[in-house]
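What follows is a set of notes on a single structure, which appears directly below.
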Amino acid sequence: MFKVLSPGILTTFQDKGRFGYRHLGVPVCGIMDDYSAMKSNYLAHNRMDSAVMECTIKGPVLQCISPADVVLSGIGFNSTINQKPIITDKLYKLQSGDILDIGHSTTGMHIYLAVRGGFVVEKILGSASYDKTVAPKLKLQKDQILETCMPDSENQIGIDIAGNEINFNLQTIEVFPGPEFDCLNTCDIKQLLNNPWTIDPSSSRMAILVKEKFVTDKPQIISAAVHPGCIQLTPSGKLILLMKDAQTTGGYARIMQVSAEGISILAQKVPGSQIFFDLKK
Amino acid sequence: MSTPLQHPEIYKFNHQVITLSWNAVDYEKITSFLHSVTNSVRHKLSSALTDIVPCYNSITIYFKHSYTDDDISILKQIIQESVVEQNFLVSRLKIPVCFDDRYALDLDYMSKFLNIPADDIVDEFCSRTYSVAFLGFLPGFPYLNGLSHKLAIPRKPSPRSSILPGTVGIAGKQAGIYPQHSPGGWNIIGICPLILFNPVQPPYALFQPGDEVEFFQIDQSAFEKLVSEHTDLSNLRKILIQGV
């Protein structure tokens with residue numbers, strides 16, 4: 001059990017996402033950097049579908065009320081226990097009274113807190129993922145008490161993800177053609193692949209946006225379903241890389257798509273950093 | 001050249017996601033066919049799918065695991081069957097809307113733009129039967145086909161930063177209703193007092209893809225009364241279908 005001394009900037013519960021309701025306009029939501037979150041669950045001996053706490057830029061300060069084993073996985077946060085620095089990807093045993101300060105990051109966007117046994121979280125429409133309309137209570141508030149489950153007596157080990165190391169320093173994002181890829185000509189494709197794209201501060205859990213405009217005049221399409229990983233191109237040349245909170249339908253050309261691994265990498269890119277696209281067929 | 005109904009374009013996003021598209025068709029004409037296919041796919045492949053999302057002229061199918069050749073064969077078969085016979089049972093809802101000045105923020109603007117008196121706009125709007133092509137943009141937001149071509153008006157050049165829940169809007173050939181506060185660029189014609197989305201009450205959304213919708217006018221005091229009633233969503237849907 002924990003008490004929230006300070007909630008952090010955008011600290012929410014997330015799991016693998018909300019499935020089965022997209023036809024009602026309900027976005028999938030869920031963990032932005034699947035790779036790091038799954039690692040935290042794995043090391044905490046949790047099931048892979050266990051809800052984790054997703055922290056963004058500046059994380060919460062939590063007071064441990066009853067003993068808990070925790071793991072943090074993510075990029076570049078200066079986390080501490082009782083003001084002593086701790087590292088990611090290691091199981092720590094917290095005692096009653098310990099203060100866990102997730103800290104802040106300048107080199108990444110998210111860090112994930114998994115507690116052994118899992119957090120007690122109310123699922124809405126089958127998922128413990130925060131959404132401001134569908135599941136508004138799944139965002140941390142000051143003074144909130146967070147309950148955790150007793151760990152199972154048998155160790156529940158999830159899928160071993162050790163074989164799928166991701167290099168978050170990679171600037172190159174693998175992309176694949178999308179349904180409307182053919183609306184691009186050779187010049188468009190050169191423009192897309194030969195230039196760096198700078199992550200814009202207006203990026204969010206809904207979409208990564210880039211500073212640069214694409215010189216084009218692409219028509220809109222009739223609205224069609226979209227999902228996290230789709231890259232849209234607007235008639236005014238804006239590139240939109242849809243992420244986990246993306247709307248379920250959209251009227252912009254879906255020129256490319258990002259792989260699941262690419263989504264994890266993109267999720268950790270800070271505004272101002274640059275990416276390149278690498279087109280795979 | 002329109003895609004024939006029997007042979008949609010099959011686009012494979014990846015090993016789990018397929019989109020069926022019928023391009024260059026008059027999408028209003030294929031609505032009941034699309035919903036029949038969607039409904040049949042949902043039933044026949046239910047254990048293999050996480051989601052199935054219809055849109056104007058496409059259906060996107062999200063599989064739990066990699067789809068197989070058998071799954072594709074079943075899809076093709078369902079499409080053939082739906083060309084011959086559409087077995088989708090349509091629910092028709094009668095929806096109250098208040099068109100009073102204080103809510104119908106763009107009605108005067110629309111009247112000037114379309115050169116039609118405001119009362120005639122309201123009458124024309126309420127005289128049609130619409131169909132819910134799909135839900136998207138926000139949880140529970142219905143995109144409605146069937147708007148009178150006399151009322152087609154482009155969306156506003158600058159969106160409003162916040163629209164009231166229940167706001168009924170028009171943009172292009174579409175009509176829709178905002179279920180929650182949101183920015184919005186559609187022209188506001190009136191407001192509906194009903195809850196459009198509740199994540200803890202089945203069926204969760206008042207409008208379901210494929211529904212038919214008719215609007216009727218209510219006054220300010222009826223609007224306020226309905227807002228305060230907070231009817232349970234599943235009961236609400238039953239009441240509206242019966243037109244009580």
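Labels below follow one simple rule: chain letters A, B, ... track the order of the sequence lines, proteins then strands, and each chain is numbered from 1.
Ion pairing between a basic and an acidic side chain is recognised when a charged N comes within 4.0 Å of a carboxylate O; Arg47(A) and Asp15(A) show no such pairing. At a threshold of 4.0 Å, the pair Glu81(B)-Lys44(B) counts as salt-bridged, since one of the basic side-chain nitrogens sits closer than that to a carboxylate oxygen.
Between Thr12(A) and Leu138(A), the closest side-chain pair of non-hydrogen atoms is not below 4.5 Å. For the pair Trp22(B)/Leu34(B), a side-chain contact is recorded, criterion being any heavy-atom separation below 4.5 Å from C-beta on.
When heavy atoms are compared at a cutoff of 4.5 Å, Tyr11(B) approaches chain A solely by way of its side chain, counted from C-beta outward. Both the backbone and the side chain of Thr50(B) come within contact range of chain A, with heavy atoms under 4.5 Å apart. At a 4.5 Å heavy-atom cutoff, the contact between Leu24(A) and chain B is made by backbone and side-chain atoms alike. No part of Pro142(B) comes within reach of chain A, as not one of its non-hydrogen atoms sits under 4.5 angstrom from that chain. Both the backbone and the side chain of Tyr21(A) come within contact range of chain B, judged by heavy atoms closer than 4.5 Å.
Most heavy-atom pairs under 4.5 Å with chain B: of the set Val26(A), Val134(A), Val28(A), Thr248(A), this distinction falls to Val134(A). Of all the listed residues (Arg42(B), His181(B), Glu9(B)), the one sharing the greatest number of non-hydrogen pairs under 4.5 Å with chain A is Arg42(B). Ranked by heavy-atom pairs shorter than 4.5 Å toward chain B, the options Ile221(A), Thr133(A), Asp131(A) are led by Thr133(A). When each of Pro139(B), Pro54(B), Gly136(B) is checked for heavy-atom pairs under 4.5 Å with chain A, Pro139(B) comes out on top.
In this structure, Tyr130(A) places its OH atom where more than 12 heavy-atom neighbours from other residues, nucleotides or ligands lie under 6.0 Å away.
Checked options Tyr56(B), Tyr27(B), Phe141(B), Phe207(B); the residue passing with Phe134(B) is Tyr56(B) (criterion: ring pair (Phe, Tyr, Trp, His ring centres under 6.0 Å)). A side chain to side chain donor-acceptor pair (under 3.5 Å) with Asp51(B) is found for exactly one of His23(A), His227(A), Arg22(A), namely Arg22(A).
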